[in-house]
Amino acid sequence: MYYLHKQMETLTRAELEALQLERLEETIERCMNTFFYRSRFEACGIVPKDIRTLDDLHKIPFTTKQDLRDNYPFGLAAVPMSDVVRLHSSSGTTGTPTVILHTQKDLDEWANAVARCLHMVGLRRGDVFQNSSGYGMFTGGLGFQYGAERLGMLTVPAAAGNTLRQIKFIMDFGTTALHAIPSYASRLHEVMEEVGVNPERDTKLHTLIIGAEPHSEEQRRKIERMLGVKAYNSFGMSEMCGPGVAFECKEQNGMHIWEDYYIVEIVDPVTLEPVPEGEVGELVLTTINREAMPLLRYRTRDLTRILPGECPCGRHHKRLDRMKGRSDDMMILKGVNIFPIQIETILMQFEELCTDYLITLTNEEANDLMTVEVELKEFSDDYPRLQSLTREIIHRLKDEILITPLVRLVPKGSLPKQEGKAVRVRDLRRTLI
Ligand code: COA
Ligand code: AMP
Ligand code: ZN
């Protein structure tokens with residue numbers, strides 16, 4: 001079965017589901033090239049032929065991030081490694097990181113998916129697309145880069161940081177569309193105000209792509225007003241390639257998840273049973289258009305729901321609601337995913353420190369800030385030594401989590417103690433509206 005890419009957007013449900021089943025069967029065959037999935041199937045007493053309908057998917061066990069870690073680095077490759085042309089990896093160096101592998105076809109399909117998203121919100125050849133995402137391993141960098149190029153836009157790979165330079169680029173290159181995480185969009189506006197740039201008067205910006213971190217409808221509207229743009233929510237994750245998984249259409253009411261690429265399920269994170277239609281649960285995705293590293297029933301840990309009803313835009317691909325949170329303890333700061341265990345592991349390597357620590361997240365103006373308070377084993381008034389210890393801890397933490405935290409060394413016993421399970425993270429961030 002072959003459809004032109006553009007036709008994929010408007011397939012009927014019946015056509016979509018027929019395509020999904022065909023691609024699922026191909027995917028499962030490919031998965032059998034991996035020891036991991038072969039033994040998983042064997043352990044459950046199923047063979048690929050047992051999956052005859054989309055409903056049979058539930059017979060397959062879930063795949064988790066831990067499975068990816070256990071098979072680090074290339075254990076989930078379903079093609080010979082000589083066919084793999086790129087890998088992306090999660091940042092964690094303390095815990096084993098995860099690796100996602102891509103063939104050239106995977107990269108082409110990924111670029112097509114991102115191009116489809118950008119086209120859906122009206123971007124075209126002639127637009128100037130600036131990307132303020134980190135490049136390298138951050139999939140928002142190369143992911144948007146190739147998608148925007150595929151669409152034929154002039155691209156400005158500005159990458160993260162250096163806000164004054166971002167603003168200069170926006171003005172000098174006539175940037176019309178920008179990809180930025182919501183908190184960074186607010187930061188851009190803040191600096192524009194400081195330097196007397198009025199985005200509506202002084203720039204050609206009309207479209208903003210925001211994603212990578214949870215944000216509210218109010219936050220989106222505020223950003224739209226501040227920058228004089230339409231802002232569209234974009235959802236993705238490295239395990240599913242990166243951006244291009246689900247994206248808002250011009251209706252701005254839920255993100256169409258591209259069902260010719262993914263089969264979507266929403267399950268109860270505790271029972272792992274499907275939730276009733278329209279209810280919030282954990283998003284589970286199966287890749288059906290990937291060669292190098294297909295994933296079956298991957299538990300994303302993101303909490304959301306499928307919006308009921310049809311979208312007035314005419315696309316039949318289901319719509320995901322805004323992400324409501326996570327079913328694990330992952331934090332997202334400055335567009336970077338961080339697990340408390342990464343911080344704990346670093347802190348525990350310092351002999352001078354106790355095991356008690358507290359991570360507090362705040363947002364001053366538009367900047368996320370992480371403060372790590374940790375108890376010292378022994379009282380000391382040797383301030384130069386304490387200063388150099390603090391610097392060393394910051395340095396090691398930044399290496400691990402990629403952002404710069406504030407570190408406070410506090411006397412033993414001074415952090416609040418809770419009964420039962422210790423609370424290690426306080427998220428005091430407020431929505432910037
Ligand atoms: N995107 C773009 N720029 C960002 C940013 C983000 N998510 N988060 C912070 N910045 C900017 C800051 O505004 C600052 O620039 P400015 O002072 O000129 O305004 C600069 O980056 C450094 O930020 P700071 O908070 O001082 O440093 P840090 O060491 O804590 O953070 C970063 C380091 C910015 C490199 C790191 O947070 C990063 O790479 N973030 C991007 C992650 C990303 O792209 N995620 C999307 C994946 S799809
Ligand atoms: P990464 O693998 O680094 O791309 O991070 C993926 C994670 O970022 C997802 O699992 C979500 O938790 C979060 N994320 C991505 N896009 C969004 C979005 N639009 N809204 C809320 N969270 C998002
Ligand atoms: Zn729509």
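When a ligand or atom number is given, it counts from 1 through the structure's own listing order. Position 1 is the first residue of the sequence; numbering continues from there.
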Quick one: ligand 1 N/O to protein N/O pairs below 3.5 Å?
| residue | atom | partner | partner atom | Å |
| --- | --- | --- | --- | --- |
| ligand 1 | 1 (N) | Ser132 | O | 3.4 |
| ligand 1 | 3 (N) | Gly161 | N | 3.0 |
| ligand 1 | 7 (N) | Lys334 | O | 2.9 |
| ligand 1 | 18 (O) | Thr163 | N | 2.9 |
| ligand 1 | 18 (O) | Thr163 | OG1 | 3.2 |
| ligand 1 | 19 (O) | Thr163 | OG1 | 2.4 |
| ligand 1 | 19 (O) | Arg187 | NE | 2.8 |
| ligand 1 | 19 (O) | Arg187 | NH2 | 3.0 |
| ligand 1 | 25 (O) | Lys334 | NZ | 2.6 |
| ligand 1 | 29 (O) | Lys398 | NZ | 2.7 |
| ligand 1 | 29 (O) | Thr404 | N | 3.4 |
| ligand 1 | 29 (O) | Thr404 | OG1 | 2.5 |
| ligand 1 | 30 (O) | Lys334 | NZ | 2.5 |
| ligand 1 | 30 (O) | Thr404 | N | 2.8 |
| ligand 1 | 40 (N) | Lys334 | O | 3.2 |
| ligand 1 | 44 (O) | Ser133 | OG | 3.2 |
| ligand 1 | 44 (O) | Gly134 | N | 2.6 |
| ligand 1 | 45 (N) | Gly335 | O | 2.9 |

Gly211 neighbourhood, listing ligand 2 atoms whose heavy-atom distance to it stays under 4.0 Å: 19 (N)
Does ligand 2 have any atom that is closer than 4.0 Å to a heavy atom of Pro214? yes
min-distance protein heavy atom vs atom 20 (N) of ligand 2 -> Glu213 O, 3.4 Å
Here the atoms of ligand 2 under 4.0 Å from any heavy atom belonging to Met323 are 20 (N), 21 (C), 22 (N)
Identify, for atom 3 (O) of ligand 2, the protein heavy atom at the shortest distance, and state residue, atom and that distance. Asn337 ND2, 3.0 Å
Side chain, backbone, both or neither: which part of Ile210 has a heavy atom under 4.0 Å from ligand 2? neither
What is the SG(Cys249)-the Zn ion (ligand 3)-NE2(His256) angle, to the nearest 10 degrees? 110°
Could you give the distance from CD (Glu239) to CE (Met293), rounded to the nearest 0.5 Å? 8.0 Å
Indicate, as side chain, backbone, both or neither, the part of Arg322 found under 4.0 angstrom from ligand 2 when only non-hydrogen atoms are considered. neither
Quick one: pull up CD in Glu15 and CE in Met8 and give me the separation to the nearest 0.5 Å. 10.0 Å
Within a distance under 4.0 Å of any heavy atom of Asn233, pick out the atoms of ligand 2 and give their elements. 18 (C), 19 (N)
Where does Ser238 meet ligand 2, judged by heavy-atom distances below 4.0 Å: at the side chain, the backbone, both, or neither? both
From Arg385 CZ over to Glu352 CD, what is the distance, rounded to the nearest 0.5 angstrom? 5.5 Å
Give the atom numbers and elements of ligand 2 that come within less than 4.0 Å of a heavy atom of Met330. 12 (O)
With a 3.5 Å cut-off and no angle check, do the side chains of Asp83 and Thr103 form a donor-acceptor pair? no
Any side-chain donor-acceptor pair under 3.5 Å between Ser89 and Tyr72? no
Spell out, as yes or no, whether a donor-acceptor pair under 3.5 Å connects the side chain of Arg116 to the backbone of Gly147. no
The test is side-chain contact (heavy atoms from CB on, under 4.5 Å); show your working for Ile343 and Leu397 and say whether it passes. CA-CA 7 Å; Ile343 293 167; Leu397 283 174; 4.0 Å; yes
Within the 4.0 Å heavy-atom shell around Arg326, which atoms of ligand 2 are there? 10 (O), 12 (O)
Would you check the N or O atoms of Asp302, main chain and side chain alike, for any that come under 3.5 Å of an N or O of ligand 2? yes
Taking atom types as modelled, find out whether Ser183 and Glu213 have a side-chain donor-acceptor pair closer than 3.5 angstrom. yes
To the closest 0.5 Å, what do you measure between CH2 (Trp258) and CZ (Arg315)? 5.5 Å
Suppose you place the vertex at the Zn ion (ligand 3); what is the angle out to Cys313 SG and Cys311 SG, to 10°? 100°
Is there a side-chain contact between Tyr357 and Met348, using heavy atoms and a 4.5 Å cut-off? yes
Considering the heavy atoms of Ser234, write down every atom of ligand 2 situated less than 4.0 Å from one of them. 16 (N), 17 (C), 18 (C), 19 (N)
Pick out which of Leu57, Leu283, Val275, Ile306 makes a side-chain contact (heavy atoms from CB on, under 4.5 Å) with Glu265. Leu57
Matching residue for Gln166 among Thr175, Leu188, Val156 - test: side-chain contact (heavy atoms from CB on, under 4.5 Å): Leu188
Ile181 CD1 to Ser132 OG distance, which is reported to the nearest 0.5 Å: 7.5 Å
Here the atoms of ligand 2 under 4.0 Å from any heavy atom belonging to Ile332 are 8 (O), 12 (O), 13 (C)
Salt bridge (charged side-chain N to carboxylate O under 4.0 Å, His left out) evaluation trace for Lys230 with Glu248: CA-CA 11 Å; Lys230 278 273 176 210; Glu248 277 183 335; over 6 Å; no
Side chain or backbone of Arg301 under 4.0 Å from ligand 2, or both, or neither, by non-hydrogen atoms? neither
Hey, what do you get for CD (Gln349) to CD1 (Ile393), rounding to the nearest 0.5 Å? 11.0 Å
Proximal candidate to atom 17 (C) of ligand 2 [heavy atom criterion; set Ala212, Cys241, Gly236]: Ala212
